[in-house]
Every structure is written in structure tokens, then in C-alpha cells.
Amino acid sequence: MENTAIINTLDPELLAPIISRRDAIAKGASASSKVVAALALGSVPIALGALAKDVYGQTPADVLDVLQFALTLEYLEAEFYTRGVAATGLIPGAAVAVFTQIRDHENTHVNTLRTVIGGKGATPVAKPAFDFTAKGALQGFNFGATQYATFQALAQAFEDTGVRAYKGQAGRLIGDKVVLTAALTIHSVEARHASQVRRMRGQKGWITGNSNGGLPAFTQPIYNGEENRTQAGLDITALGAGNGGNDGVTEAFDEPLTKDQVLAIVTPFLA
Amino acid sequence: MMKEVKEPLVISRATQLWEQSTRRDFLRMMGIGGTIVLLPSVLASCDDDDDDPTGPGSGSTVTIDFSKGDTAVLQFAYALEQLEADFYTRVASNFGASGLSSAEQTIFADIKNHEVIHREALKTILGTTNGFTLSTVYTNVNFSSRTSILQTAKTFEDLGVAAYNGAAQYLNNVNNLLVAGKIVSVEARHASAISDLIAPNTTAFSPTPFDDAFGPAKVAAAAQAFIVEQLVLAGAPATFVQGPNNNG
């Protein structure tokens, strides 16, 4: 039952109430001042978030739900890298620049999503408490100096999950071009991160079949479905001839995960 | 004399049609039922002051009409995938002289596979009615230079990511949006790997917290440098919703 809290926070019914058109108009003055303030700060995402509310007046529950869901995942990643980069002796010197960059990106994603959600008149979900042992599956993991391999494995797990999670939610954003475009520009950054952390582990930057690339067995749901060879309703297996066979066909397309699938993957990391 | 005129008369430049010897040959060929070949470059040189008959934009017009909605977005993606697939195929066919290490060749061979599969998948999805074939041109690429290959690959991959990110807003069908999403993250994985080969273990693999999202016009202008045909965007949407980097 430890999942109840987080699942409740993601339930659209329990999100901050959707603003009615009349409320939006009534709040017009404050919303516009948010736009001005955001532009003054030079923050485009903040301005976009505030503007979206101004334009539409009303934010569909789906869009807010996706934003809150994305925020939860970004909290997980941001906390993970913040603790990792701060840990003494964990990350070797040659890898510090990479993981510091990823940490900074995830923190920026958190801050931006919080601002966009706030700009839409809702309250961002609170940061959950995390358990990076995954309820003991990684027993003893505490960002210790000898635990770099586990840290790298978790980084890959989180990044590959992030890519699939954003991809799975894009369709729900199709009616909100501002949020869709912003989400896609995060989605591809998560893919850049994934490629880099995979390659630093000696893996290919891309996912072959449903291979977990040597990650612990409990991470397998992160990769299930990546073996798909049907795209846009067409079996494209034959395109692998001369192009890497089934490996090439499955590597060429990343696959989505549903929100429920992602929550099942993430839940062990929630304290 | 007879032996000479059996050879087909080849006219490769429009100006040749005004040359006296060409006119005389032309009439002679007409008289004896010979063959006259007008190379495509004749037409190209008529409407283009580019002297290079195979230069960027010197060829026939390929129009992507955005009033077709989702089909146009997929055609646009197909154009980019044709460029990428052709580029990596050329690199892979010249590995011996490329200067790429064997580990780098493995990465490029994988990417070649992915891009060819993207191209062929989009070709199949679009069908013959909406398909077209582009010819490529590499004015400033040296396929025997590791640096040139890596830099060109980075250009293509970053452009591809920004193109898909920016064009997604013109899709109306969630299934098409999903296909685009499935491809763009693989392009981003490529972009990361290529950038890290250029500047290992730096921040190059992912330089900004948000990737770019470019509008079709900006993408087409960049892609045109590698395309012989003249890429024309018609029925372009009136608005483009910028991404967080506000540079599309």
C-alpha cells in the first residue's frame, strides 16, 4: 500500500481543480503578470507555461496529468543524480562532467515542469521520498565509493524508462502544441542521456531487442516490448535484410510504455 | 560520315542548343532518325543560374504540400531519412579510407542500418503515390576525413532531432505522432553518440536541457545544401509553436 500516496497524486481527479473559463478571465491580471515576470527572468518555458493558460483559459485534465506524471519521473532522476554527483568517490573523474550535466538537465526539467504546472493554475505534486535500493533489490546501495557500477546501471534504467514514458504520453498532448513541443524537446534529451550512459557502460547507445544490457533482472519490464517489429501496422521484419536483421529493425525504433507500466517500474523506488 | 552520326547527340547544356555546330548536328540527326539526348541538366540550367549541373537545388522541384496534413509531415521526414541513409551508406562503403576506428565503424554501421530502415519504413508507409526520390550532393564533405564524416553526421542527427521535434505539432493522428516519436529518440541516441565521439566525456552529448525544435522552413533550408532537387514547401502552416529554446 506504500504506492497509494504517489498514485493518488497522479490521479487527475485529485489534481488542482481545472480552472473554468470564467475563473481564467477573472485571474487574467495575475496570469498576465506571470507572463511578464517570466519574460523578465528570461525564461521561455516559464513564459510558455503562463501563456498557455492565458490562451486556452482552461487546461484539459489530460495535459495536467501528463505534466504531473512527468514531474514525478524528473524528481526521481534529479534526486538520483544530485546525490550521485555529491557522493564522495563514487563517480570517476572522467565521468564527472557527463553526470553533472545530466544532473543539471534533470533539475532544470523539474523546475520547468513545476513552473508550467503552476502557470496552468495547478499545484505541482510534491517530491516523493525515494528508495534507491528498489526495496532491497539493490541491497546496500547508498551511493558508496565502490558502487559506481550500480549507479551506472540505475542511470541507464532511469534514462531508458524516461524515454519510453514521455513517448507513451505524447499522444495525450496532441491538442496542446506548446506542451507537446516542450515535452518532445525533453524526450529527445532523455534519449541523448540514455545513449551516453549506456555507452559508458560498454553498451550500444540504442536498445537491441528486449535486451536489458546486463542490468539486474528486476529491470526487465523497462525493456519488454522493445523487440516489436510492427510499425504503423506494418510488419517491417523484412527491412532488416542487409540492415542488421532483427537487431537493426528493433534498434531503429524506440517503443513507448503506458503510464501504468511506468508506475509499476518506478514504484519500487518510492520509499 | 555515316559512322559519326550514328552516335547519339548529347546535349547537356542549354547554351549548346544555340551553338552553330549543335544546330547543324541536330538537323542532321533529325534527318536520319538519330537519337538526341537532352540531359536533365539542360532544363535545370534554364531556370537556375547555378553553373554546377548537380549542385544543391539545381534539379527538378520536389514539393511537400503541408495542406496534406499528416502525409506532408511524413514526406518531410522521408526526405530527411533519405539524406541520412544515403550519407551513412556512403560512409560505410568507404570505411577503409574513412579514418574511423573499428569501434567507430561499428557505430556507423549500426546507424546506417537504422537510417536505411527508417527510410524504407517511411517509403512503405507513404506508398508510391506520396513517395519521391531525392538525389544527394556533398559539396563540403570529405568521405576520407574522419573529422568531416563526424561533423556531417552530427549535422544530420541534430537536424533530424530538431526537425521531428518541430514538425510533430502538425500531426493530427496520434498513431503518426507515435511513429515520429519512436524515430526521433533513436536519432537523439545517434546524435549523442556522434557528439561524444567528437568530444568524449564532455557535455557535448547533450549540450542543452531542451533539444531544439525547428520549423519545416528552417529544416528545409539546412537540408537543401545536401539535395540536388529543389525542395519546396507549399501550404506551410501559418503558425509555428516554438520549443523552449525559441530558435525554430
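Order of the sequence lines sets the chain letters (A, B, ...), proteins ahead of strands, with each chain counted from 1. Only this structure's heavy atoms are used, side chains among them; waters, hydrogens and symmetry mates stay out.
- Among B/Ala213, B/Pro207, B/Ala109, B/Ser195, the residue making the largest number of heavy-atom pairs under 4.5 Å with chain A is B/Pro207.
- With a 4.5 angstrom heavy-atom cutoff, B/Asn173 touches chain A only via backbone atoms.
- Partners of B/Ala199 under the side-chain contact (heavy atoms from CB on, under 4.5 Å) rule, at least two apart in sequence or in another chain, are B/Thr202, B/Ala204.
- One finds no salt bridge joining A/Glu77 and A/Arg103 here, because no Lys/Arg side-chain nitrogen approaches an Asp/Glu carboxylate oxygen to under 4.0 Å.
- Within the 4.5 angstrom heavy-atom criterion, atoms from both the backbone and the side chain of A/Ala232 approach chain B.
- Of the listed residues (A/Leu184, A/Ile186, A/Ile236), the one with the most heavy-atom contacts under 4.5 Å to chain B is A/Leu184.
- Listed options A/Asp247, A/Leu173, A/Leu234 were ranked by heavy-atom pairs under 4.5 angstrom with chain B; first place goes to A/Leu234.
- A side chain to side chain contact (heavy atoms under 4.5 Å, CB included) with A/Asp160 holds for exactly one of A/Ile222, A/Asn212, A/Leu257; it is A/Ile222.
- Among B/Ala193, B/Ala191, B/Ala180, B/Pro200, the residue making the largest number of heavy-atom pairs under 4.5 Å with chain A is B/Ala193.
- Here CG of B/Asp211 is found 13.0 Å from OG1 of A/Thr181. Values are rounded to the nearest 0.5 Å.
- By number of non-hydrogen pairs under 4.5 angstrom with chain B, the leading residue of A/Gly233, A/Ala97, A/Gly168, A/Gly205 is A/Gly205.
- With a 4.5 Å cut-off on non-hydrogen atoms, A/Val98 touches chain B through its backbone and its side chain both.
- Counting heavy-atom pairs closer than 4.5 Å to chain A, the top-ranked of the candidates B/Ser185, B/Ala121, B/Ala188 is B/Ser185.
- Between the side chain of A/Glu227 and the main chain of A/Gly225, a donor-acceptor pair closer than 3.5 Å is present.
- Among residue pairs with one or both ends in residues 172-207 of chain B, those qualifying as ring pair (Phe, Tyr, Trp, His ring centres under 6.0 Å) are A/Trp206-B/His190, B/His114-B/His190; sequence neighbours excluded.
- With a threshold of 4.5 angstrom between heavy atoms, B/Thr106 does not approach chain A through any atom at all.
- Ranked by heavy-atom pairs under 4.5 Å with chain B, the list A/Val163, A/Ile207, A/Val189, A/Thr185 is led by A/Thr185.
- You'll find the ring centres of A/Phe99 and A/Phe151 inside the 6.0 Å limit.
- Between A/His193 and A/Phe158, the ring centre distance reaches or exceeds 6.0 Å.
- For the 3.5 Å distance criterion, the side chains of A/Glu226 and A/Asn210 fail to qualify, holding no donor opposite an acceptor.
- For a residue to count as touching a neighbouring chain, one of its non-hydrogen atoms must lie under 4.5 Å from one of that chain's; by this rule A/Arg164 does not touch chain B.
- Annotation: B/Phe240 is not in aromatic contact with B/Phe214 [ring centroid separation under 6.0 Å not met].
- Looking at B/Asn175, neither its backbone nor its side chain comes within 4.5 Å of chain A, counting heavy atoms on both sides.
- With a 4.5 Å cut-off on non-hydrogen atoms, A/Asp235 does not touch chain B at all.
- Closest of all the heavy-atom pairs between A/Ala252 and B/Ile117 is CB-CG2, 4.0 Å.
- For the set A/Glu190, A/Lys167, A/Arg198, the count of heavy-atom pairs under 4.5 angstrom toward chain B peaks at A/Lys167.
- Under 4.0 Å is where a charged nitrogen must lie from a carboxylate oxygen, and between A/Lys120 and A/Asp176 at least one such pair does.
- Scored by the ring-ring contact (aromatic ring centres under 6.0 Å, His included) test, A/Tyr81 finds no partners at all (sequence neighbours excluded).
- The most heavy-atom pairs under 4.5 Å with chain A, out of B/Val174, B/Asp212, B/Val186, come from B/Val186.
- Ionic pairing of B/Arg119 and B/Asp86 is not present here: no N-O contact between side-chain nitrogen and carboxylate oxygen is shorter than 4.0 angstrom.
- Proximity to chain A among residues 152-170 of chain B is limited to B/Asp158, B/Val161, B/Asn165, B/Ala168, B/Gln169, judged by heavy-atom separations below 4.5 angstrom.
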